[in-house]
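Notes follow once the structure below has been shown.
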Amino acid sequence: MKSIRNFCIIAHIDHGKSTLADRLLEITHTIDKRDMKAQLLDTMDIEQERGITIKLQPVRMDWKNHQLNLIDTPGHADFTYEVSRSLKAVEGAILVVDATQGIEAQTLANVYLALESNLTIIPVLNKIDLPAADVERIKNELENVLSIPREEVIEISAKEGTNCEAVLDAVIERIPPPQPLPDIEEHEMKALIFDSVFDTYRGVVIYVRNFNGEIRKGDRLKLLRAGCDFEALEVGCFKPKYSPTAAIHNGEIGYIVTGLKSVRDARVGETVWKKIKHGNNIEAAPTPLPGYKKVTPFVFAGVFCTEADDYPTLRDALGKLSLNDASLTFEPEQSGALGFGFRVGFLGLLHMEIVQERLEREYNLDLIVTAPSVKYEIVKMTGEMIPISNPSELPDSGSYVEIKEPWVKVEIVTPKEYLGGVLELVTKRRGLQKNLSFLDTNRALVDYEIPLASIVTDFYDKLKNITSGYASLNYEHLDFRPGDLVRLDVLVAGEKVDALSFITHRSEARGVGMQLCAKLKEIIPRANFVIPIQAAIGAQVIARETISAYRKDVTGYLYGGDVTRKNKLLDKQKKGKKRMKKFGKVNLPQEAFLAVLKKD
């Protein structure tokens with residue numbers, strides 16, 4: 001164990017985390033030069049195109065007679081739980097900071113996670129080769145904000161490969177070798193699952209950090225929280241592809257082929273356990289490793305096919321995606337306007353975008369995705385708490401006591417010249433300011449508590465617009481709090497469109513309803529009959545717009561005569577339009593459902 005070093009790389013998005021991982025693989029000759037490519041550990045096409053890490057990826061490297069186990073983690077707030085489990089599997093973390101941008105919101109969040117796990121942090125200043133790099137200013141930031149001594153900071157250029165060997169040397173020198181956990185007995189093997197994937201031919205493959213004993217092929221293992229047993233069909237390490245080995249020894253990171261049929265059976269944070277005979281003492285009631293938490297989605301949206309015949313394909317596609325993503329939930333949903341589809345739960349907006357893109361790419365589906373909403377809790381008259389994820393599930397106002405909505409803690413890092421606009425934006429979205437501090441003379445850190453529903457739609461886009469793209473955002477979930485919330489329904493031609501309904505604060509309902517009706521008037525095409533668009537709370541209509549009908553000039557061929565001839569034709573046309581209004585149907589384009597995303 002003395003020659004093992006387990007560490008991960010944490011950073012804000014686009015600070016060069018994956019590029020540094022590439023250089024480390026090259027330097028340690030883990031990957032042949034001919035097989036090397038940019039962002040090698042980002043294995044998904046979407047990751048390569050977007051330049052972000054969505055799925056963590058472990059790899060084993062050898063450097064100066066030491067075994068280095070690296071976990072490349074995602075950098076977006078939607079995947080914070082995945083990052084936190086990765087931190088539990090290692091003893092150290094490389095913190096990558098962009099020399100041109102400095103500390104960002106996600107940088108702070110990841111550092112706090114690492115400190116909570118008592119990890120050794122190695123600060124790395126990347127992109128020093130760029131003309132805009134300000135090394136001394138960023139070092140001062142690290143020292144003042146994170147209390148990291150400036151002499152510990154390693155200056156590198158991951159793109160050019162400058163000084164990257166010093167990072168590997170620092171991993172060996174500063175990060176301690178794996179230490180046994182005090183609450184693990186000698187007669188038991190325990191390992192932590194920090195990720196799992198589904199393989200079509202071999203079932204679930206779990207990624208584990210072993211804390212005691214060893215795991216060999218053929219061992220009978222148990223998942224303590226799920227309570228299921230399985231046989232280790234294969235064990236090995238990551239090079240970065242699967243590389244079978246004789247065993248996963250104490251302190252090592254590796255994979256186990258389980259043969260299980262769903263990743264829901266082997267969730268992230270689960271404990272793998274095995275009895276080890278030690279004299280006559282055999283563990284009777286093993287205790288799982290601490291920190292396990294079931295990942296629950298917070299953002300929900302309806303997913304429908306534009307062609308009704310594609311519904312079975314969508315159902316199968318969601319089922320296959322959920323095999324690899326335990327945080328993805330879905331259940332059937334029916335809409336009068338859109339037909340049959342699914343209510344799908346996501347970790348956040350980025351997670352939703354990724355899933356939608358994969359469905360359209362990999363399964364050739366043409367989808368309509370409704371505006372995202374969040375999960376609410378309804379307190380009924382009996383005191384029973386009912387969670388709802390679809391606004392249409394909200395019961396009548398007299399049948400419940402209150403509605404609770406999720407609140408989040410938001411950290412925003414912004415240049416000080418944009419501070420006023422940022423504070424105005426957050427305050428308009430019902431945000432409560434908790435703290436305001438300055439990282440340096442040019443940048444401010446704002447802490448707010450705000451309803452999750454206020455930031456899941458267009459908040460990030462507006463923040464970027466206000467700050468010219470310089471602000472960064474991070475959020476974490478707090479709790480559910482009661483609020484004066486109502487369901488705003490949209491009626492088109494007198495028919496309620498469930499997919500356009502959403503829950504909002506009563507104080508914002510009238511303004512939001514008027515804006516939504518105005519947008520729908522621009523989007524919905526005209527017909528041969530009048531189309532009224534209404535926003536209503538229950539039976540009370542609070543906003544209305546009207547799309548006028550096409551009107552044929554039925555009197556154009558008249559060349560004279562009494563005015564009654566003209567009135568007769570106009571009355572006949574009016575009766576026909578009244579009949580068309582009664583039987584006419586309105587086709588809603590995809591843009592109508594996206595209009596809900598922009599509230600102001």
Side-chain angles (χ1 to χ4, degrees), residues 81 225-227 262 264-265 267 269-270 288 291-303 318 322 326-336 340-348 351-352 370-409 429-430 432 449-457 475-490 496-509 512-513 535-540 542 596:
Y81 181 69
R225 296 184 186 273
S262 171
R264 299 183 190 279
D265 299 327
R267 294 182 181 271
E270 174 69 276
Y292 174 82
K293 183 174 70 174
K294 184 178 178 180
V295 184
T296 56
F298 286 92
V299 176
F300 296 83
V303 179
L318 285 170
S322 67
S327 61
L328 182 68
T329 64
F330 64 97
E331 58 184 24
E333 181 181 30
Q334 184 179 4
S335 167
F340 291 96
F342 293 92
R343 194 74 180 173
V344 186
F346 308 94
L347 297 176
H351 189 207
M352 186 180 85
T370 64
S373 62
V374 301
K375 179 184 289 186
Y376 295 90
E377 292 183 347
I378 310 299
V379 182
K380 302 197 75 174
M381 295 294 187
T382 58
E384 182 185 4
M385 186 84 71
I386 300 177
I388 66 168
S389 59
N390 192 340
S392 63
E393 298 173 355
L394 184 66
D396 296 334
S397 57
S399 62
Y400 60 87
V401 178
E402 62 183 5
I403 307 175
K404 293 184 177 181
E405 61 179 336
W407 280 63
V408 294
K409 176 186 176 184
R429 300 296 180 97
R430 298 191 286 134
L432 304 176
E449 292 182 0
I450 189 171
L452 177 60
S454 297
I455 67 171
V456 297
T457 52
Y475 66 90
E476 61 181 65
H477 295 276
L478 292 174
D479 52 18
F480 283 81
R481 302 178 186 178
D484 187 11
L485 304 171
V486 294
R487 185 181 70 204
L488 189 66
D489 294 320
V490 176
K496 186 170 71 173
V497 183
D498 292 337
L500 292 178
S501 300
F502 59 95
I503 296 175
T504 184
H505 196 267
R506 190 181 297 274
S507 63
E508 301 174 348
V512 172
I537 300 175
Q540 180 187 7
I542 61 173
V596 186

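Because the structure is predicted, anything quoted here is derived from the model rather than measured.
In this structure, Phe298 and Leu452 have side chains that are in contact, with non-hydrogen atoms separated by less than 4.5 Å. At a threshold of 4.5 Å between non-hydrogen side-chain atoms, the residues Val456 and Val299 count as touching. Taking the side chain as every heavy atom from C-beta outward, His505 and Asp484 approach each other to under 4.5 Å. Residues Ile386 and Lys380 have side chains in contact (heavy-atom distance under 4.5 Å, counting atoms from C-beta outward).
To the nearest 0.5 angstrom, Ile388 atom CD1 is 6.5 Å from Ile403 atom CD1. Here Trp407 contributes atom CH2 and Ile450 contributes atom CD1; the two are 7.5 Å apart, rounded to the nearest 0.5 Å. Once rounded to the nearest 0.5 Å, the distance linking CD of Glu393 with CD1 of Ile378 reads 9.5 Å. Between the CD atom in Glu333 and the CZ atom in Phe340 there is a gap of 11.5 Å [rounded to 0.5 Å].
Considering every non-hydrogen atom in both Ala509 and Leu488, the closest pair reads O-CD2, 4.0 Å. Taking each heavy atom of Phe300 and Thr329 in turn, the nearest pair found is CE2-OG1, 4.3 Å. Residues Leu347 and Tyr475 come closest through the heavy atom pair O-OH, 4.1 Å. What you find for Pro372 and Met352 is that their closest heavy atoms are CB-SD, 4.1 Å. Summarising the geometry of Gly345 relative to Pro297, their closest heavy-atom pair is C-CB, 3.5 Å, with the distance given to 0.1 Å. Taking each heavy atom of Val486 and Arg506 in turn, the nearest pair found is CG1-NH2, 3.2 Å.
Side chain of Ser322 to main chain of Leu318: a donor-acceptor pair is present (N/O by atom type, distance under 3.5 Å, no hydrogens or angles). The closest donor-acceptor contact from the side chain of Arg343 to the backbone of Phe330 lies at 3.5 Å or more, if one exists at all. Of the possible polar contacts, one joining the Glu270 side chain to the Ala226 backbone as a donor-acceptor pair under 3.5 Å is found. Without hydrogens or angle criteria, Ser373 side chain to Ser389 main chain gives a donor-acceptor distance under 3.5 Å.
Salt-bridge annotation for Glu449 and Arg481: present, with a side-chain N of the basic residue lying under 4.0 Å from a carboxylate O of the acidic one.
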Can you check side-chain hydrogen bond (donor to acceptor under 3.5 Å, both in side chains) on Ser501 and Asp489, steps first, answer last? CA-CA 5 Å; Ser501 300; Asp489 294 320; 2.9 Å; yes
Please determine whether side-chain contact (heavy atoms from CB on, under 4.5 Å) holds for the pair Tyr376 and Leu394, giving the CA-CA distance in whole Å, both sets of side-chain angles, and the decisive distance to 0.1 Å. CA-CA 9 Å; Tyr376 295 90; Leu394 184 66; over 6 Å; no
Show your reasoning for whether salt bridge (Lys or Arg N to Asp or Glu O under 4.0 Å) applies to Glu377 and Lys404. CA-CA 5 Å; Glu377 292 183 347; Lys404 293 184 177 181; 5.2 Å; no
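The salt bridge (Lys or Arg N to Asp or Glu O under 4.0 Å) search around Arg430 returns Glu405, Glu508, not counting sequence neighbours. Remark: Ala536 engages Leu491, Val541 in a side-chain contact (heavy atoms from CB on, under 4.5 Å) (not counting sequence neighbours).
Residue-environment remark: OH (Tyr400) exceeds the threshold of 12 foreign heavy atoms within 6.0 Å.
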